[in-house]
Every structure is written in C-alpha cells, then in structure tokens.
Amino acid sequence: DAAARAFTVTIDKLTLQDAGEYRCGADRSRHPDANFTVTVNVLPARSADVTGAVGGSVSIPCRYFPHYASKNKHWTRAKPPSFKLQTTPSQREVREGRFSVRDEPSRGRVILTIQNLKEEDRKS
C-alpha cells in the first residue's frame with residue numbers, strides 16, 4: 001500500500017517450522033531503511049480428539065499467548081449439554097455441574113475438565 005507506505009507478506013499454510021524471527025525493509029538508493037523485526041509464533045493445530053471412558057473424566061488444555069494472561073478466558077459448547085464457562089482475572093476457576101474451567105496464566109493455558117463422562121458428551 002503505497003499511500004500507507006506499507007507492504008504485506010502472507011505465509012500460506014503455516015507450519016510449526018515457520019516460527020521464528022523475520023525482518024522486513026525496503027532498499028532505497030540513497031537512504032538506508034531500518035529493518036522491522038517480527039517474531040512469528042506458531043501454535044499447534046486448533047483442534048484435537050480427546051478420549052475418555054464413560055464415568056471417568058478428561059482435562060483438555062487450551063494454550064494462549066502471554067499477552068492474554070490478564071484477559072477473560074472461556075470454553076463453550078453449543079450442543080446439549082450446552083454451556084459457557086468464563087474465567088476472569090479475579091476468578092481463575094469456574095464450575096457448573098460436571099464442567100469446570102481453570103485458568104493457569106503462568107503456564108499460558110486454560111483447562112476444561114469434564115467429570116463423570118456420559119455418552120452424550122461424544123461428538124456427533
């Protein structure tokens with residue numbers, strides 16, 4: 001975008017190996033241009049299969065970047081039994097029936113635990 005004096009680089013099909021430091025800049029004939037450094041963090045895939053036995057429990061972590069440590073976090077489920085459990089900086093653990101969510105900011109993760117697993121907890 002010449003008007004904004006900016007250019008964009010897109011990395012398609014990002015992989016874990018794409019993580020690292022990148023630098024961008026523009027060469028100008030008379031004036032050296034300072035490079036801009038960007039660190040690209042790549043998290044593992046956004047979905048996973050979890051297995052548990054009926055009557056047992058599972059704990060499912062969801063990782064987040066450090067700059068989200070002081071933000072609200074939530075887990076939701078749209079299909080029955082539906083729920084939305086949200087933590088806040090002042091309430092790091094929330095429970096509702098068999099479901100609980102615990103935020104661990106020092107480890108960069110929020111964990112959903114489902115106790116007393118039932119057949120209805122299976123994905124459809």
Side-chain angles (χ1 to χ4, degrees):
D1 181 353
R5 290 191 251 164
F7 59 92
T8 301
V9 175
T10 303
I11 304 173
D12 289 322
K13 298 180 182 174
L14 199 64
T15 67
L16 293 173
Q17 290 74 29
D18 293 319
E21 189 174 277
Y22 292 78
R23 294 176 189 257
C24 67
D27 292 334
R28 299 186 298 179
S29 59
R30 292 187 210 160
H31 306 287
D33 191 21
N35 287 327
F36 180 72
T37 302
V38 176
T39 301
V40 174
N41 295 304
V42 181
L43 294 177
R46 295 281 189 200
S47 66
D49 289 326
V50 177
T51 302
V54 171
S57 65
V58 293
S59 292
I60 310 161
C62 178
R63 304 206 48 85
Y64 57 81
F65 289 113
H67 60 272
Y68 290 111
S70 63
K71 305 292 184 189
N72 294 351
K73 319 292 182 322
H74 67 270
W75 274 89
T76 60
R77 180 174 173 160
K79 88 172 216 180
S82 63
F83 64 84
K84 178 178 181 178
L85 295 176
Q86 180 170 301
T87 65
T88 65
S90 63
Q91 187 176 13
R92 297 282 184 202
E93 188 162 359
V94 178
R95 281 186 185 279
E96 185 177 303
R98 302 180 301 119
F99 305 96
S100 66
V101 173
R102 184 177 72 251
D103 185 15
E104 296 180 345
S106 63
R107 299 181 79 180
R109 65 184 189 175
V110 59
I111 301 169
L112 168 67
T113 299
I114 307 172
Q115 297 178 325
N116 190 23
L117 288 168
K118 300 180 178 188
E119 285 290 334
E120 65 195 44
D121 295 321
R122 296 173 66 125
K123 73 177 183 180
S124 50

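Below, each value reflects all heavy atoms present in this structure, side chains not excepted, and no hydrogens, waters or symmetry copies.
Ile114 and Ile111 are not part of a single hydrophobic cluster, where members link through side-chain heavy atoms under 4.5 Å apart.
With rounding to the nearest 0.5 angstrom, the OG atom of Ser57 is 9.5 Å from the CG atom of Asn116. Taking OG1 of Thr87 as the reference point, atom CD of Glu104 lies at 11.0 Å (rounded to 0.5 Å). The CG atom of Leu85 lies 8.0 Å from the CZ atom of Phe99; values are rounded to the nearest 0.5 Å.
Side-chain contact between Trp75 and Ile60: present, with at least one pair of heavy atoms (C-beta onward) separated by less than 4.5 Å.
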**Q.** Steps toward side chain to side chain contact (heavy atoms under 4.5 Å, CB included) verdict (Arg98, Asp121)
**A.** CA-CA 11 Å; Arg98 302 180 301 119; Asp121 295 321; 2.9 Å; yes
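Enclosure of atom CZ in Arg92 by more than 12 non-hydrogen atoms of other residues, nucleotides or ligands within 6.0 angstrom is indicated. The environment of OH in Tyr68 is sparse: at most 12 heavy-atom neighbours from other residues, nucleotides or ligands sit within 6.0 Å.
The shortest heavy-atom contact between Ser70 and Pro89 is O-CG, 3.1 Å. Residues Leu117 and Val58 come closest through the heavy atom pair CD1-CG1, 3.8 Å. A pairwise comparison of heavy atoms in Arg109 and Pro61 identifies CD-CB, 4.3 Å as the closest pair.
Classification of the His67-Phe65 ring pair by plane angle, with boundaries at 30° and 60°, yields parallel.
Residue Asp103 forms a side-chain hydrogen bond (donor to acceptor under 3.5 Å, both in side chains) with just one option from Gln91, Lys73, Lys71, and that option is Lys73.
In terms of modelled atom types and a separation under 3.5 Å, the side chain of Arg102 and the main chain of Thr113 share no donor-acceptor contact.
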